[in-house]
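Keep in mind it's a predicted model, so treat the numbers as computed, not measured. Just so you know, ligand 1 is whichever comes first in the structure, and atom 1 is the first atom listed for that ligand.
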Amino acid sequence: MTLIDGKKIAADIKGELRERAVAFEERCGKKIGLAVVLVGQDPASQVYVKNKIKGCSEIGIRSFSHYLPDTATQAEVLQLITELAKDENVHGILVQLPLPKHLDAKMLLAAIPPQKDVDGFGAENIGKLALNETSTVACTPLGVMELLKRYDISVKGKCAVVLGRSNIVGRPMAMLLLNADATVTVCHSATENIREECKRADILIAAVGKPKFVTADMVKPDAVVIDVGINRDECGNLCGDVDFEAVRNVASYITPVPGGVGPMTIAMLLSNTVKAAERLFR
Ligand code: NAP
């Protein structure tokens, strides 16, 4: 069994991005910039935003943080996004989800111009992904594809099973695998015989948000198992959607939690931001 080291791959990618950020600055006379918008006090969101800002400074790009109170109105958030959309120092805009319930996330995300939509959540980018056209792809599934690529794990012709169909992970993950010529099955809460579906997978991607959902008897021997989940177990410890200790004995490759997909998400956000800036000055 090979442990997929997302932390190391993410560090390698950040090194590559740092060089591109320097080259951009030399060529264009300004730094690449990412605007991060956080509304409210959600503790998990605060940690994610802090790590994203740290990632920016690690590769030498500017971050512009905008913290709004959870009382911020739709009009106030919309106005901020509209200003960031026009700002020439901002190449990427990230609105941290989830937003407080009184805000219309769909409408706010739609206000981000597709070329600055570095999270790849906007309809234009998702549509292009569905059409297998060049697009900015959601960071977590993009990070999974990058891990597979850097470990020389071929996807073409393989049976891939994706657990979860959220707009930010499962759905784009399935489209990426399909675009890479895998035969893809997507499972969700209404799927019957989920165990049997999983057991057929050469590549199993778990993104359900349920601690240790994938047990060893659901995994085909020598399958590649990618764990996207970030959960707390009954003792409050961080764990994925996969029962790691049991499944590692069955899988050929497996990602740990933490240190697997998580670091890749930030690396891909930075990569999408660098690409967005480079596209403007091509
Ligand atoms: P989500 O929006 O809650 O979606 C969960 C998906 O799992 C849904 O499609 C749901 O099906 C499905 N599901 C739930 N219970 C199920 C069950 N018992 N059997 C089969 N399918 C089931 O979650 P998400 O945003 O995609 O995130 C999934 C996990 O990934 C979470 O643990 C999250 O924290 C983690 N995550 C990690 C990263 C990272 O950087 N590593 C990034 C994003 C998310 P329905 O559609 O039928 O409801």
Where ligand 1 meets G164 - atom numbers and elements under 4.0 angstrom, heavy-atom basis:
6 (C), 7 (O), 9 (O)
Have a look at ligand 1 and work out which part of I230, if any, has a heavy atom under 4.0 Å from it: side chain, backbone, both or neither.
both
Looking only at heavy atoms of L163, does any of them come nearer than 4.0 Å to an atom of ligand 1?
no
Is any NZ, NE, NH1 or NH2 atom of the basic residue among R200 and E196 found under 4.0 Å from an Asp or Glu carboxylate oxygen of the other?
no
Option of least heavy-atom distance to atom 48 (O) of ligand 1 (set: A207, A206, S189):
S189
In a check of side-chain contact (heavy atoms from CB on, under 4.5 Å) between V184 and each of V155, N179, L178, which one passes?
L178
Are the side chain of T82 and the backbone N or O of L78 linked by a donor-acceptor pair below 3.5 Å?
yes
For V169, the atoms of ligand 1 under 4.0 Å from one of its heavy atoms are 26 (O), 43 (C), 44 (C)
Closest candidate by heavy atom, reference atom 4 (O) of ligand 1, pool G170, P211, G209, S166:
S166
Residue of the set T215, D217, L204, V225 for which side-chain contact (heavy atoms from CB on, under 4.5 Å) holds with C198:
L204
Which residue and atom name correspond to the protein heavy atom nearest atom 41 (N) of ligand 1, and how close is it?
V228 O, 3.3 Å
Short list, please: which atoms of ligand 1 are under 4.0 Å from a heavy atom of G262?
40 (O), 41 (N)
All heavy atoms of V39 vs all of P69, minimum pair found to be CG1-O, 3.5 Å
Proximal atoms of ligand 1 relative to T265 (non-hydrogen, under 4.0 Å):
39 (C), 40 (O)
Give the residue and atom name of whichever protein heavy atom lies nearest to atom 9 (O) of ligand 1, and the separation in Å to one decimal.
R165 N, 2.8 Å
At a 4.0 Å threshold, what atoms of ligand 1 neighbour a non-hydrogen atom of I168?
25 (O)
Near F213, which atoms of ligand 1 are under 4.0 Å from a heavy atom of that residue?
17 (C), 18 (N), 19 (N)
Does R20 form a side chain to side chain contact (heavy atoms under 4.5 Å, CB included) with K275? I'd like the steps, not just the answer.
CA-CA 9 Å; R20 281 164 63 183; K275 275 191 208 155; 3.6 Å; yes
How far is atom 20 (C) of ligand 1 from the closest protein heavy atom, and which atom is that?
H188 O, 3.1 Å
Considering only heavy atoms from C-beta outward, does the side chain of T140 approach that of I168 to under 4.5 Å?
no
For K199, look at atom NZ and say whether over 12 heavy atoms of other residues, nucleotides or ligands are found less than 6.0 Å away.
yes
Would you mind checking if E58 and K54 are paired as a salt bridge, meaning a charged N to carboxylate O distance below 4.0 Å?
yes
Name the closest protein heavy atom to atom 42 (C) of ligand 1, giving the residue it belongs to and the distance to 0.1 Å.
T140 OG1, 3.2 Å
Could you give me the CA-CA distance, side-chain angles and deciding distance for I226 and L148, then say whether side chain to side chain contact (heavy atoms under 4.5 Å, CB included) is met?
CA-CA 9 Å; I226 307 288; L148 295 173; 4.0 Å; yes
Identify the residue among I4, V214, T255 that makes a side-chain contact (heavy atoms from CB on, under 4.5 Å) with D227.
T255
List every atom of ligand 1 that sits less than 4.0 Å from any heavy atom of K210, numbering the atoms from 1 in the order shown and giving each element.
15 (N)
If you have a sec, work out which protein heavy atom is nearest atom 3 (O) of ligand 1 and how many Å separate them, to one decimal?
V208 O, 4.7 Å
I194 heavy atoms within 4.0 Å reach ligand 1 at atoms 19 (N), 20 (C)
